[in-house]
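Since the structure comes first, as structure tokens, the remarks are kept for the end.
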Amino acid sequence: MIGEPTTGVESVPTDRELQLADVFVELTAVLTGDYDIHAYTYRLSRICVEFLRATAAGIILQKTTGDLQLLVSSSDRMRLVELTECQTSEGPCYEALSEDRPAAEPELESAGVERWPTFAPRALEAGFRSVYAVPMRLREKRIGALNLFSDQTDALDARTLRLAQALADMTTIALTKQQMIEDQSELSRQLQAALTSRIAIEQAKGMIAEDLDVDVEEAFAVLRRASRSNNVRLIDLAQAVVDRALSPAALGGTLHSSPDHRS
Amino acid sequence: MTRGGARREGLARANQRHDSAATRAFGDLLDGLNVAAPPEEHLHEFAAGAAGVLSTDGLAVSVMAGTSRSTLVASSRSATALDEIQFGHNEGPCIDAFETGRVVIAPDLGASTRWPAFGPAAAAAGINAVFAFPLRLGSETLGAMDLCRERAGPMRYADRIDAEVAAGIVVQLMLALLRDLRSGELPSPVEDSLDRQRVVHQASGIVAERYGISVDEGAALLRAHAWSEDQSLSAVATDVVRQRRELPDR
């Protein structure tokens, strides 16, 4: 047996297997660098159409409030049906999410109408004959579902749905990473705002004190009064003084004639 | 499991990626934290313990943004002095670590000319070696963690890795402290630190208005003046605010 490949001819990947490998490489490569989440999810919906041979594919997310929100659709025809699904909480996506397993309705025209009395007629009207959804989850947290619609009955088999689940899992990682990056920059932005606003107010107090020839306490009172009477945030007023968009002398009167005060 | 318990376990797991006596000691420090205590206390306890584990004389954690710097926690008198000297002169290892996002190693401040104002002042205060680590959250840098030693001398590579693990834990403990940021509230140690610097910022504003320069230039002018008169920055600033003192070099 030495030197003999034990699996023989099966070890040569088929064209479809190679295509699948390419798809996954494409979806992982995007995670290593900067990527646009909207371009990413749209690309995924196109992959579902081209590679899983669905007519249309889309992603619906569940917000923390429990409401469903459409993230992406590969076609406008599908978008309208998915929006119905979000509003009525009925359909394959809602079912995949709430039961945490794939939902399939290969015969939308017969069994589907009984199963989803509001959703099915809308989907049929749009020309779809079978619908599928796989859940997207991160550990115990359910974040949404990937929807696959087809113009033909019984379009996708169980093996195809397993591939769809793998693609949905990849997307979950991308979405989670995106959320993490957004949370981090938001925290950093808030920290920056809090730290710099404190010093801008002190700097503005000094500038006003010097300009109006008053002490810093009185300068602060001038700043506060101007903030109240013009209904402008103290920090925005202080920053405008520091940036010299607003002269301290103008604080006593009305601010509306000044070149740039931010609201 | 309590939320505090889950958090400590998460931090301990992060430690296990780099296993050493020091990282195991960090795990013990985290386990020893009083779950019921406020997050300020957690960070303080960890800072004090980690300074010892890393064989240093002090650990200071600062948060920074733009030209705003403030101390979140300092484990010892020398750590407090370290931050004060750096912020006073607006130069030093922790400011460089924050601005570059890189580790800054200063093993012999007395012999270094990298920070002409900070170096001699720190050495005079009995601080001869400083190791500064950026506090990073993803791609953002929130501040820096400084370690200081009285005696000059390099930091071993293994110790540096341990210190980077400590910096990662500090970031996590800091996040708990920054929980009220959404409403614009800063932790009380940061407010206190900013409060102590108020007079400097007010004086910067006065000088900026008087000479028609920016507030940053005003601050630099005050620093230069304090330096040439061999006075502390806050003393010069207080004079400017109280007596409208003229700065003769303008």
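The structure presented is a predicted model; accordingly, all values stated were derived computationally and were not measured. In the text below, chain A, chain B and the rest are named by the order of the sequence lines, each starting its count at 1.
- More than 12 heavy atoms of other residues, nucleotides or ligands sit less than 6.0 Å from atom CZ of B:F98.
- With hydrogens and angles disregarded, a donor-acceptor distance shorter than 3.5 Å links the side chain of A:S74 to the backbone of A:A57.
- Taken from CD1 in B:I206 to OH in B:Y211, the straight-line distance is 11.0 Å, to the nearest 0.5 Å.
- Heavy-atom proximity under 4.5 angstrom to chain A picks out B:V63, B:M64, B:A65, B:T67, B:S68, B:S70 from residues 61-72 of chain B.
- For chain B, no part of A:I208 is nearby; none of its heavy atoms comes within less than 4.5 Å.
- Note that NE2 of B:H42 and CD of B:E40 are 10.0 Å apart. Values are rounded to the nearest 0.5 Å.
- The only option from B:Q202, B:Q197, B:H201 that meets the side-chain hydrogen bond (donor to acceptor under 3.5 Å, both in side chains) definition with A:E202 turns out to be B:Q202.
- Atom-to-atom distance recorded for A:L146:CG and A:I59:CD1 is 5.5 Å, nearest 0.5 angstrom.
- Neither the backbone nor the side chain of A:I181 comes within less than 4.5 Å of any heavy atom in chain B.
- Other residues, nucleotides and ligands contribute over 12 non-hydrogen atoms within 6.0 Å of the CZ atom of A:R46.
- There is no contact between B:A203 and chain A, counting heavy-atom distances below 4.5 Å.
- Here OG1 of A:T176 is found 13.0 Å from CZ of A:R137. Values are rounded to the nearest 0.5 Å.
- With rounding to the nearest 0.5 Å, the separation of NE2 in A:H38 from CG in A:L71 is 6.5 Å.
- Using modelled atom types and a 3.5 Å distance limit, the side chains of B:Q231 and B:D239 yield no donor-acceptor pair.
- For residues 185-196 of chain B, heavy-atom neighbours of chain A at less than 4.5 Å comprise B:E185, B:L186, B:V190, B:E191, B:L194, sorted by residue number.
- A donor-acceptor distance shorter than 3.5 angstrom exists from the side chain of B:T238 to the backbone of B:S234, with no hydrogens or angles considered.
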